[in-house]
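Predicted model, so just to flag it, every value in this text is computed and none were measured.
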Amino acid sequence: MKPLPHALVATPSLDRWIRLTGDGAVIAFTGKVEIGQGILAALGTIVAEELDVARRRVQVVSGHTGHTPNEGVTAGSMSIETSGAALRQASAWARCLLLQRAATRLGVAEDNLTVADGEITGPGVNERLTYWNLADRPFGFEIRDRMPEKATSAYRLVGRDGQRRADILAKATAAAFVHDCAAQLHARMVRPPSLRHRLIELDVDVAAPGRLVVDGSFVAVAHPVEFEAERLAQRIAGSARWLRIGSPPEGFDIDESRRETAEAFPLRNGVPSPVPRRQVATTHRAVYRRPFLMHASIAPSAAIAVWRDGALAIECSSQGIEPLRQVVALVLGIDPDAIEIRHVPGAGCYGHNGADDAALDAALVARAVPGHRVSLKWSREEEHGFEPLGPAMHVEMGASLDAEGRVSSWTHDAYGFTHVARPSPGASGVDLLSARFLAEPFEPTSPRPALGPEVGIHRNALPIYSFPDQEVTKHFVADAPVRTSALRGLGAQGNVFAIESFMDELAHSAGVDPVEFRRRHLRHDPRALAVLEAVLKSSGGLTGHRGLALARYKNRQCCAAVVAEVSVDPETAEIRVPRLWIAADAGRVIDPDGLTNQLEGGAVQALSWCLKEAVSFDADGAVTSRDWSSYPILRFSEAPEIETVLLDRPELDPLGAGEATVGPTSGALANAVFAATGLRIGDLPMTPDRLREAAAR
């Protein structure tokens with residue numbers, strides 16, 4: 001029997017997961033949060049299915065310290081796998097315990113009772129009895145063992161079309177985001193030119209009802225009128241004098257000197273190990289690079305905070321409210337129990353953007369103006385200039401082919417900066433932006449290589465294909481010139497882009513069709529082969545200017561294949577992607593529409609990364625791409641038509657899918673560009689200038 005989900009082991013009390021109300025509703029509690037992925041809708045469906053109640057009865061409460069289970073961070077496409085599994089088990093136990101109560105009350109054997117929308121019936125039962133008639137007291141039960149769950153053959157909600165997200169209407173028509181929340185004071189930050197600058201002079205007065213908050217190099221203003229807060233911030237910024245401390249960064253590329261000093265960790269059984277690299281001879285080689293990337297959320301980060309009687313309440317869009325509470329408490333020097341954090345949706349970012357930083361900013365201002373509800377919003381320039389960036393990557397590939405056109409040896413060397421810098425109570429430093437600017441500053445954590453399986457730089461560095469001899473190595477570069485952290489997929493996008501581009505190049509070198517070349521190396525993986533065949537059937541094959549790529553996210557989650565079709569303007573060298581086809585196997589499908597949205601959203605974001613996005617810097621290390629002109633993203637008019645096929649496997653557990661298409665889409669695009677132009681583009685983004693440079697070589 002499978003072990004209990006980890007989240008249930010950590011929080012075994014059934015009442016922390018499931019509660020019945022007096023008005024015929026079910027409340028399900030989860031520590032995971034909604035960042036645009038539709039997770040609350042899917043979790044509600046799981047609960048309704050297992051309890052045999054109508055979906056409309058289930059309300060999902062998420063991300064509220066002291067109220068919801070501590071499930072860490074919403075990341076890694078893990079919510080369905082972890083919180084979904086926990087809620088399914090909790091619901092199965094709740095159903096069992098309620099039926100035990102019903103059996104006692106009715107004098108009927110439990111096995112003879114059935115449930116339809118929470119109404120319990122059985123042979124000879126004339127009394128109308130519902131779950132809610134039996135919910136006069138808490139469950140008072142701790143889950144220590146597994147309860148058999150409903151057979152998937154009996155599902156009536158899970159996997160069905162037509163599920164609806166309850167949050168969409170409010171987000172489209174009302175004040176549903178943290179930016180919209182009412183406040184008594186509106187706050188703005190006055191930022192230094194870069195992370196390396198500190199305040200040396202600020203000679204300015206702020207008249208009431210405005211407030212100026214200064215703590216070392218932390219400078220903020222607040223005012224009851226939001227527009228006046230903006231004007232105050234601009235005026236004070238003009239009066240502040242800053243001094244750069246330390247030396248400027250030595251460039252922003254993963255150049256030869258950085259590669260020579262990087263720590264090498266060859267992967268052994270999927271885990272980076274401090275052992276010598278094996279020397280594997282290869283005859284074909286290629287290099288692939290991606291630049292620093294932004295999360296580029298449509299709305300900048302924001303948070304609400306109130307400091308009252310030594311206690312702090314925060315509303316923010318953090319993906320990890322529990323660890324955030326611990327770190328904010330450390331900075332403020334108070335007990336974590338004195339802090340309450342509630343997740344309120346913001347602009348989703350799929351990674352670690354400025355949401356946590358804005359929460360600390362709001363808390364620091366609220367502490368300075370106790371008793372006031374403070375809304376702190378970042379500007380677009382702040383968001384672009386100070387959010388943690390998705391790290392640049394440099395990937396070197398090598399391979400040899402045998403006489404039959406199969407890969408006989410394979411090497412993959414992935415170089416990069418840390419992808420892991422979320423605020424964590426276990427870290428040696430404090431990884432919240434403003435903590436380093438206080439009069440008594442907190443140093444950020446010194447980056448260290450993540451040595452677990454499928455983490456950071458080496459995520460998806462292991463190929464999905466089977467090769468007789470391979471050596472895959474993670475190379476950790478410690479001296480990141482800028483602040484970096486998690487961005488959707490972490491290292492998976494760069495690694496899969498490299499692997500799938502290289503596989504296509506090898507296929508052409510061997511004179512083998514790219515599809516057949518992949519089939520030859522996937523005989524061991526029938527599920528991946530099924531996904532490959534599904535996307536080819538859907539698209540009609542690799543005719544014209546099309547490219548193919550596939551991968552299984554983290555080599556254990558959703559397997560996705562993508563076919564991209566491109567057009568390249570012969571005059572401007574502009575690449576457009578009119579169509580994409582996606583096929584995916586995410587195990588049991590909970591919500592087909594939600595899963596499709598996740599796969600398609602990841603694909604569109606990957607196109608934006610590959611065609612347009614790259615952060616630029618000045619000599620001091622300050623970000624210069626601080627608006628949508630200097631940091632362009634894919635526009636609605638450029639979004640492709642997408643056709644998605646889901647390979648539902650109801651007999652298997654569901655798998656995380658939110659990041660599954662970012663790598664395959666990147667590889668498919670590169671291969672489609674080759675089909676259209678004959679040019680192999682290894683450096684992202686694939687701008688017109690880059691195509692012209694490749695054509696001139």
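Once rounded to the nearest 0.5 Å, the distance linking OG of S79 with CD of E71 reads 8.0 Å. With rounding to the nearest 0.5 Å, the separation of CD in E34 from OG in S317 is 12.0 Å. Here the straight-line distance linking atom NE2 of H64 with atom CD1 of I321 works out to 7.5 Å at 0.5 Å rounding. To the nearest 0.5 Å, atom SG of residue C610 and atom CD1 of residue I681 are 12.0 Å apart. Between L611 atom CG and L684 atom CG the span is 9.0 Å, to the nearest 0.5 Å. The CG atom of L462 lies 5.5 Å from the CG atom of N555; values are rounded to the nearest 0.5 Å.
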**Request:** Report the C-alpha separation of D413 and R277 in whole Å, then their side-chain angles, then the decisive distance to 0.1 Å, and conclude whether the salt bridge (charged side-chain N to carboxylate O under 4.0 Å, His left out) test is met.
**Result:** CA-CA 10 Å; D413 291 272; R277 295 168 59 206; 2.8 Å; yes
**Message:** Apply side chain to side chain contact (heavy atoms under 4.5 Å, CB included) to residues L202 and V219 and explain how you reach the verdict.
**Reply:** CA-CA 9 Å; L202 183 61; V219 182; 4.0 Å; yes
**Request:** Check the pair E387 / H295 against side-chain hydrogen bond (donor to acceptor under 3.5 Å, both in side chains), numbers first and verdict last.
**Result:** CA-CA 8 Å; E387 70 159 33; H295 298 85; 3.2 Å; yes
**Message:** Using the rule given for side chain to side chain contact (heavy atoms under 4.5 Å, CB included), can you reason through R235 versus V204, listing the C-alpha separation, both sets of side-chain angles and the distance that settles it, and then say yes or no?
**Reply:** CA-CA 9 Å; R235 179 166 69 87; V204 65; 3.4 Å; yes
**Item:** Stepwise side chain to side chain contact (heavy atoms under 4.5 Å, CB included) check, V344 with I304
**Value:** CA-CA 9 Å; V344 178; I304 304 282; over 6 Å; no
**Request:** Kindly indicate, with the supporting measurements, whether the criterion side chain to side chain contact (heavy atoms under 4.5 Å, CB included) is fulfilled by L432 and L324.
**Result:** CA-CA 9 Å; L432 290 172; L324 177 62; 4.1 Å; yes
**Request:** Walk me through it: do D689 and T687 pass the test side-chain hydrogen bond (donor to acceptor under 3.5 Å, both in side chains)?
**Result:** CA-CA 5 Å; D689 285 346; T687 60; 5.4 Å; no
**Request:** Test salt bridge (charged side-chain N to carboxylate O under 4.0 Å, His left out) on E383 and R380 and set out the steps.
**Result:** CA-CA 5 Å; E383 187 80 15; R380 171 56 52 200; 5.7 Å; no
**Working for salt bridge (charged side-chain N to carboxylate O under 4.0 Å, His left out), residues R448 and E263** = CA-CA 10 Å; R448 292 298 306 150; E263 292 183 82; 3.2 Å; yes
**Message:** Checking E443 against R436 for the salt bridge (charged side-chain N to carboxylate O under 4.0 Å, His left out) test, could you report, in this order, the C-alpha distance in whole Å, the side-chain angles of both residues, the deciding distance, and whether it holds?
**Reply:** CA-CA 6 Å; E443 291 299 314; R436 69 181 70 187; over 6 Å; no
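At distances below 3.5 Å, not a single donor-acceptor pair connects side-chain atoms of H343 with backbone N or O atoms of T65. Without hydrogens or angle criteria, T665 side chain to V662 main chain gives no donor-acceptor distance under 3.5 Å. The main-chain N or O of A313 is never found under 3.5 Å from a side-chain atom of E340 such that the two would form a donor-acceptor pair. With K554 contributing its side chain and A492 its backbone, the two residues share no donor-acceptor pair below 3.5 Å. In this structure, the side chain of R188 does not engage the main chain of A222 through any donor-acceptor pair within 3.5 Å. D335 places a side-chain N or O within donor-acceptor distance of the main-chain N or O of D337, the cut-off being under 3.5 Å. In terms of modelled atom types and a separation under 3.5 Å, the side chain of D620 and the main chain of R244 share no donor-acceptor contact. Judged purely by atom type and a 3.5 angstrom limit, S434 has no side-chain atom pairing as donor or acceptor with the backbone of D361. Here the side chain of H179 pairs a donor or acceptor atom with the backbone of P300 at under 3.5 angstrom. Side-chain N or O atoms of H223 include one that pairs as donor or acceptor with a backbone N or O of V225 at under 3.5 Å.
Legend: residues meeting ring pair (Phe, Tyr, Trp, His ring centres under 6.0 Å) with F177, ordered by chain and number and at least two apart, are absent.
Of the residues listed (H458, R459, H412, K474), the one engaging N495 in a side-chain hydrogen bond (donor to acceptor under 3.5 Å, both in side chains) is H412, and it is the only one. Screening T418, D431, D357 against R483 for a side-chain hydrogen bond (donor to acceptor under 3.5 Å, both in side chains) leaves a single residue, D357. No option in N70, I341, V73 other than N70 meets the side chain to side chain contact (heavy atoms under 4.5 Å, CB included) test with E322.
Electrostatic pairing of E471 and R268 counts as a salt bridge here, judged by a charged N lying under 4.0 Å from a carboxylate O. Between R373 and E315 there is a salt bridge, with a side-chain nitrogen of the basic residue lying less than 4.0 Å from a carboxylate oxygen of the acidic one. Classification of E382 and R626 as a salt-bridged pair fails, no side-chain N sitting under 4.0 Å from a carboxylate O. A salt bridge between R289 and D253 is absent, with no side-chain N of the basic residue lying under 4.0 Å from a carboxylate O of the acidic one.
Taking a 6.0 Å sphere around CZ of R692, one finds it holds more than 12 heavy atoms contributed by other residues, nucleotides or ligands. Taking a 6.0 Å sphere around CG of D205, one finds it holds 12 or fewer heavy atoms contributed by other residues, nucleotides or ligands. No more than 12 heavy atoms of other residues, nucleotides or ligands sit less than 6.0 Å from atom CD of E250.
Across all their heavy atoms, A435 and V331 have their closest contact at CB-CG2, 4.1 Å. A606 approaches S666 most closely through the heavy-atom pair CB-OG, 3.9 Å. Taking both residues in full, the closest heavy atoms of A450 and V455 are given as CB-CG1, 3.3 Å, listed atom of the first, atom of the second, then distance. Closest approach of W242 and A240 over heavy atoms only: NE1-CB, 3.5 Å. Nearest heavy-atom pair across R690 and D683 is CD-O, 3.1 Å. The two residues N353 and S297 come nearest to each other via the heavy atoms ND2-OG, 3.3 Å.
Cation-pi geometry between R191 and W378 is met: under 6.0 angstrom from the ring centre, within 45 degrees of the axis.
Using bins of under 30°, 30° to 60° and over 60° for the plane-to-plane angle, the ring pair H394/Y415 lands in the perpendicular bin. Note on ring orientation: taking the six-membered ring where Trp is involved, the planes of F502 and Y288 are perpendicular (angle over 60°, cut-offs 30° and 60°).
For an aromatic pair to be called close, the ring centres must be under 6.0 Å apart, and F417 with F292 satisfies this. Ring to ring, F218 and F437 are not that close: their centroids are 6.0 angstrom or more apart. The aromatic ring centroids of H372 and W307 lie 6.0 Å or more from each other. Aromatic rings from Y631 and H384 are positioned such that their centres are separated by under 6.0 Å.
Under 3.5 Å, the side chains of T624 and D618 contain no donor-acceptor pair of N or O atoms.
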